[in-house]
2 protein chains.
Amino acid sequence: MRELDETDLQILELLTEDARRPFSDIAEQVDLSPPAVSDRVDKLRESGVIRRFTLDLDRSQLRAGVPVLVRLDLPSTEVAAVTDNLRESEGVEHVFVTVEGDVVFSARFRSDAVREGIDEVVDLKRVTDYDVTIVSEMEWVPSVGGTEFALTCAECGNTVTSEGESDRIGGNQYHFCCPSCAARFREQYERFSADAE
Amino acid sequence: MRELDETDLQILELLTEDARRPFSDIAEQVDLSPPAVSDRVDKLRESGVIRRFTLDLDRSQLRAGVPVLVRLDLPSTEVAAVTDNLRESEGVEHVFVTVEGDVVFSARFRSDAVREGIDEVVDLKRVTDYDVTIVSEMEWVPSVGGTEFALTCAECGNTVTSEGESDRIGGNQYHFCCPSCAARFREQYERFSADAE
DNA sequence: AGTGAAAATCTCTCAGT
DNA sequence: ACTGAGAGATTTTCACT
């Protein structure tokens, strides 16, 4: 993975605040030329750190229906099929997969047809059990990481330098300042996952 | 509230896909001039439908720590204070308030300091009980509403015309095609909320 | 990787409908 | 509310470091 420096994080911060901010504006704040900012943004997109430029919408003004939080209890063999389907479904906003293998998602459904709505987005034959909670407020907090800019070691919290390493564990990318932190993290992660059942 | 028409929803859809898409590009697709698109976007921002132009980031590549889902059990008098604090905290990504008055949030914390991390973002003195689930995948699904464009009545699903009405119930804006649907929705909402305890 | 300058593109303003 | 045209701003390209 390409090394993210502090300038990249500043750029991300500024674009998270306002994704249409001119590059010339950003350039001034991070002390680069506009083309240099443009280059870095291109690379951040290519590397997948920036998934897309998008809108933060007040969906309560937009989409009819009650917002709900649904927890699905299901065999681990079905997780992939179910989450794939959720991602493509109407009204689904967030999808979480827990290490126990549960799936939690948020969505909006018509108030008189919550069960039917769920039935449309998840194949209930694949699911052992589920429960639904109505939500009265749903909010996404778009921020890069506030004041803490540098990449920190997931194990010890130290700043990760170019000596550090990165690894993908349980579907997520983690950064470590040294190999021993990486090893210890993996142990702890496995122990935590086992505890959770 | 100003009426959202199909063109507005198309514009939102296009900007959700790529918030830096030129207005001239959008103009062509919705059959308007670029200044007209710009005007509509301004109004969508003013009315609060567009909260901001932002980035969808792959936070797993960015922020150290384990992603977790936390459920807080707390007195209803404390909900506002706790959620306000969460919104301003480092590492918190989503905040949900259920109609039962529970708070659910997602965040990332250092693997060796999950409890401490939670302690930093919520004042545990205000909380009756809480539980933590480690998450292995966390995904936001940014889409406006896919193929279903028109505003639909939260009660009966019919298209809401200018005869319809809108109301804010439990912190969310709902749209109705007629007053009787609005009344029936309120009843059902209250019954559902009562059931949920 | 970055710069500066020119070319191309996009956004905004404004008078008019 | 929208359009079209022009002014002004922004982004991209490219030769060079």
Q. Of all the choices, D/dT3, D/dT12, C/dC10, which nucleotide is nearest to the side chain of B/S33 once you look at every atom?
A. D/dT3
**Q.** Plane angle bin for A/H94 and B/H94 - parallel if under 30°, tilted between 30 and 60°, otherwise perpendicular
**A.** tilted
Q: To the nearest Å, give me how far apart CG (A/D8) and P (C/dA1) are.
A: 10 Å
**Q.** 5' precedence on DNA chain C between A/D31 and A/R20 (nearest-nucleotide basis)
**A.** A/D31
Q) Considering only D/dC2, C/dC10, D/dT11, which nucleotide approaches the side chain of B/S24 most closely? A) C/dC10
**Q.** Spacing of B/F23 atom CZ relative to C/dC10 atom P, expressed in whole Å
**A.** 12 Å
Q: Can you tell me the distance, in whole Å, between the CG atom of B/D25 and the C1' atom of D/dT10?
A: 16 Å
Q. B/D18 CG to D/dT11 P: how many Å, rounded?
A. 13 Å
(Q) Between A/R126 (side chain only) and A/L74 (backbone N and O only), is there a donor and an acceptor less than 3.5 Å apart? (A) no
Q) Does atom CD of A/E28 have more than 12 heavy-atom neighbours, drawn from other residues, nucleotides or ligands, at distances under 6.0 Å? A) no
(Q) Please determine whether a side-chain nitrogen or oxygen atom of B/R40 lies at a distance below 4.0 Å from atom OP1 or OP2 of D/dC2. (A) yes
Q: For a salt bridge (Lys or Arg N to Asp or Glu O under 4.0 Å) with A/D8, tell me which candidate from A/R40, A/K43, A/R45 qualifies.
A: A/R40
Q. Expressed in angstrom and rounded to an integer, what is the separation of B/I11 atom CD1 from C/dT11 atom P?
A. 13 Å
Q. What's the CG-P distance between B/D42 and C/dT13, to the nearest Å?
A. 9 Å
Q | Residue-phosphate contact under 4.0 Å: A/S38 side-chain N/O, D/dT12 OP1/OP2 | A | yes
Q. Should A/F96 and B/T133 count as side-chain neighbours, where that means a heavy-atom distance under 4.5 Å?
A. no
Q) Please give, in whole Å, the distance from D/dA15 C1' to A/D39 CG? A) 14 Å
Q: Give the nucleotide from the list D/dT3, C/dT11, D/dT10 with an atom nearest to the side chain of B/A36.
A: D/dT3
Q: Report the nucleotide, chosen from D/dT12, D/dC2, D/dA5, that has the shortest atom-to-atom distance to any side-chain atom of B/P35.
A: D/dA5
Q.
Classify B/P34 by what it touches in the nucleic acid, base, sugar-phosphate, or nothing, heavy-atom distance under 4.0 Å.
A. nothing
Q.
Measure CG/B/L32 against P/D/dG4 and give the value in whole Å, please.
A. 11 Å
